[in-house]
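Here is the structure we will look at.
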Amino acid sequence: MKKQHLDKIISLCKRKGFVFPNSEIYGGLKASYDYGPLGVELKKSISELWWKEMTQSHQNIVGLDSAIMVHPDVWDASGHIANFNDPMTDNKDNKKRYRIDDLLSQQKSKVIDAICIALKIDSTNNDDIYSDIAHTLLSDGSKSDSVLEEAGVIDPFSGSIGKWTPAVQFNLMFKTDAGPSEKTGKHIYLRPETAQGIFINYLLVQNTMRLKVPFGIAQIGKAFRNEIVARNFIFRTREFEQMEMQYFVHPSKDVESMELWKEKRLDFYLNHLGINSENLKFHQHSKDALAHYAKDAYDIEYNFPFGWGEVEGIHNRTDFDLKQHENLSGKNMTYFDTKAQEKYHPFIIETSTGLNRLFLMVLCEAYFEDTENNRVVLQLPYELAPIKAVICPLVKKDGLPEKAMSVFKTLNQEFSCIYDEQGSIGKRYYRQDEAGTPFGITLDHQTLEDNSVTIRERDSMKQTRIPIDKISTFIQDNK
RNA sequence: GCGAGUGUAGCUCAGCUGGUAGAGCAUCAGCCUUCCAAGCUGAGGGUCGCGCGUUCGAAUCGCGUCACUCGCUCCA
């Protein structure tokens with residue numbers, strides 16, 4: 001049943017103003033979406049919850065907002081330039097695409113030798129021979145296709161020699177040029193992760209805030225990845241928002257800290273975002289699937305309509321990044337513990353989550369078809385609901401609209417409300433059920449006599465009669 | 001990336017074998033007044049994703065392209 005929900009959620013998102021396809025009047029842009037009036041509220045609520053949980057709730061975690069564009073050497077140090085500029089080739093016969101270095105590693109040595117001779121590469125004592133060939137092919141673009149084919153490079157899928165296209169580079173990072181002309185300017189990349197902004201600033205942050213290890217730096221911001229495949233609605237987009245907290249610990253405490261954060265982060269999903277534990281699980285990366293920087297890595301996965309998908313990564317990044325930056329920048333990146341008189345590179349435990357994925361997860365979790373009452377309800381936790389209450393006059397006459405409007409104006413100071421007098425009262429409730437509004441407040445003729453209203457709860461549809469001045473208290477108690 | 005499918009009003013969809021578009025819901029205005037949608041009247045809104053082609057004539061056929069969904073694949 002759950003498997004069929006994504007279409008319904010996409011439709012609801014558009015209908016109610018959560019998410020719109022971007023550039024729709026021009027036919028759309030792949031994997032690009034806009035957040036509508038309700039969507040922006042929901043997204044903001046999720047990130048605010050996260051921020052509060054990850055900064056304010058801890059004495060030793062502070063925030064940061066670093067730049068999207070940074071010195072290009074940062075990406076050299078991080079490994080993004082080296083690791084994600086892999087030359088690729090396609091087999092024209094079956095349209096399979098391969099990373100050339102991967103492809104070569106599966107070939108017999110005489111094939112490799114033939115290529116080396118053709119390209120005049122010295123293959124002796126060369127550990128990076130596959131990568132070297134790949135990059136040579138790329139720089140010699142035009143002849144790369146014939147070289148691979150003539151050497152007899154076999155397509156592992158078909159088992160026969162492929163008809164290879166010239167080497168092509170797919171850049172993970174979006175590149176642009178800073179400066180007035182392409183020639184004089186530097187290549188600038190849009191950050192593919194927010195983490196590096198934290199690493200390069202960590203000593204300044206530590207110093208200005210007088211922090212002692214262990215401490216954390218949290219950041220929310222956009223990152224950009226030129227994904228080849230982008231799918232599943234807003235699950236994987238080229239432009240996305242990360243919420244990361246990098247926790248700096250003593251190298252001997254990494255395992256312990258990892259366990260701590262795994263627990264804390266899972267709790268966030270269960271107790272703050274209202275996710276059912278059945279729909280969450282940890283997935284540990286296997287050794288060979290680990291990122292170039294990581295020692296150990298867990299994902300928190302959610303059971304989306306399209307299957308289990310990663311919503312958060314909790315990784316032990318070790319001291320890889322800090323040492324890399326130290327090597328490349330020449331600046332000392334060590335932390336000095338004055339009490340222990342010890343100087344070291346802290347290990348970094350990263351909790352990195354995708355805000356857009358949490359958004360989708362929250363919607364999937366909240367979406368409920370109440371067949372008994374023939375309605376669709378978004379059972380969002382109160383804190384996440386874009387609109388907290390709808391204020392309705394029972395009928396559009398006898399001074400009820402005026403009275404309701406004044407109640408609306410008062411309550412709207414306190415929390416986000418909406419006023420609605422259009423259509424039957426049931427219809428108005430149902431409209432808000434779909435938007436996830438937890439409370440409906442209705443004024444009727446009795447209100448004019450004793451200042452009481454009916455308050456109706458979204459999930460249970462239960463109605464209670466209370467005085468106007470108790471609305472706020474009631475909501476606080478029942479949210 | 002490969003394979004399959006879809007693309008007609010804001011949403012869900014109908015338009016069979018080619019003759020320039022309909023419904024329900026939604027929206028808006030008016031009536032009704034009723035605490036759990038779908039009562040009455042009326043209105044706005046689409047050159048049928050986009051382009052090219054075939055044809056006297058295309059939403060309907062062909063090709064291309066863009067976008068989305070599903071299955072594999074991939075995902076630092």
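We name chains A, B, ... by the order of the sequence lines, and we start the count at 1 in each one.
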Need one value for [X]: base, sugar-phosphate or nothing, where a base atom within 4.0 Å counts as base even if backbone is also close, heavy atoms only.
X: A/Arg375; result: nothing
X: A/Ala31; result: sugar-phosphate
X: A/Phe20; result: nothing

Candidate nucleotides [options], ranked by approach to the side chain of [X] - the nearest:
X: A/Met461; options: B/C36, B/U69, B/C35; result: B/C36
X: A/Phe233; options: B/U69, B/U34, B/C36; result: B/U69
X: A/Pro192; options: B/C35, B/U34, B/A76; result: B/A76

- Quick tally for nucleotides 24-33 of chain B: nucleotides whose base has a protein heavy atom under 4.0 Å get B, sugar-phosphate-only ones S, the rest -, giving --SSSS---B
Distance check, [atom1] atoms only: [N] and [M], in whole angstrom units.
N: B/G19; M: B/G62; atom1: P; result: 16 Å
N: B/U54; M: B/A21; atom1: P; result: 23 Å
N: B/G22; M: B/C63; atom1: P; result: 30 Å
N: B/A14; M: B/A23; atom1: C1'; result: 7 Å
N: B/A67; M: B/U8; atom1: C1'; result: 16 Å
N: B/A59; M: B/G18; atom1: C1'; result: 10 Å
N: B/A43; M: B/C61; atom1: P; result: 33 Å
N: B/C28; M: B/A9; atom1: C1'; result: 15 Å

- Partners meeting salt bridge (charged side-chain N to carboxylate O under 4.0 Å, His left out) with A/Lys44 (sequence neighbours left out): none
Can you tell me the Watson-Crick or wobble partner of [N], both distances under 3.5 angstrom?
N: B/A38; result: none
N: B/U33; result: none
N: B/G44; result: none
N: B/C25; result: B/G10
N: B/U65; result: B/G49
N: B/G18; result: none
N: B/G71; result: B/C2

- Return the 5'-most residue of the pair A/Ile10, A/Thr442 with respect to RNA chain B, ranking by each residue's nearest nucleotide. A/Thr442
- Select from A/Glu24 and A/Phe240 the residue whose nearest nucleotide in RNA chain B is closer to the 5' end of that strand. A/Glu24
Between [atom2] of [N] and [atom1] of [X], the distance in whole Å:
X: A/Ile9; N: B/U69; atom1: CD1; atom2: C1'; result: 14 Å
X: A/Gln324; N: B/A76; atom1: CD; atom2: P; result: 19 Å
X: A/Ile25; N: B/G46; atom1: CD1; atom2: P; result: 14 Å
X: A/Tyr430; N: B/C36; atom1: OH; atom2: P; result: 9 Å
X: A/Phe306; N: B/G5; atom1: CZ; atom2: P; result: 23 Å
X: A/Ile455; N: B/C36; atom1: CD1; atom2: C1'; result: 15 Å
X: A/Lys8; N: B/U69; atom1: NZ; atom2: P; result: 17 Å
X: A/Asp76; N: B/A76; atom1: CG; atom2: C1'; result: 16 Å

Any carboxylate oxygen within less than 4.0 angstrom of a Lys/Arg side-chain nitrogen, looking at [X] and [Y]?
X: A/Glu41; Y: A/Lys16; result: no
X: A/Lys14; Y: A/Glu24; result: yes
X: A/Arg458; Y: A/Asp433; result: no
X: A/Glu326; Y: A/Lys323; result: no
X: A/Asp444; Y: A/Arg465; result: yes
X: A/Arg15; Y: A/Glu434; result: yes

Can you check whether any acceptor in the base of [N] is under 3.5 Å from a donor in the side chain of [X], or vice versa?
X: A/Arg456; N: B/C36; answer: yes
X: A/Tyr429; N: B/C35; answer: yes
X: A/Ser11; N: B/C11; answer: no

- Quick one: is A/Lys14 getting a side-chain N or O under 4.0 Å of the B/G10 phosphate, OP1 or OP2? no
- Query: Is A/Asn232 near enough to B/C70 that one of its side-chain N or O atoms lies under 4.0 angstrom from OP1 or OP2?
  - Reply: yes
- Show your reasoning for whether side chain to side chain donor-acceptor pair (under 3.5 Å) applies to A/Asn451 and A/Lys403. CA-CA 10 Å; A/Asn451 263 333; A/Lys403 180 87 177 169; 2.8 Å; yes
- Message: Please confirm whether the ring centroid of A/Tyr33 lies under 6.0 Å from the ring centroid of A/Phe20.
- Response: no
- Message: Just to verify, which of A/Arg265, A/Lys264, A/Lys281 counts as forming a salt bridge (charged side-chain N to carboxylate O under 4.0 Å, His left out) with A/Glu312?
- Response: A/Arg265
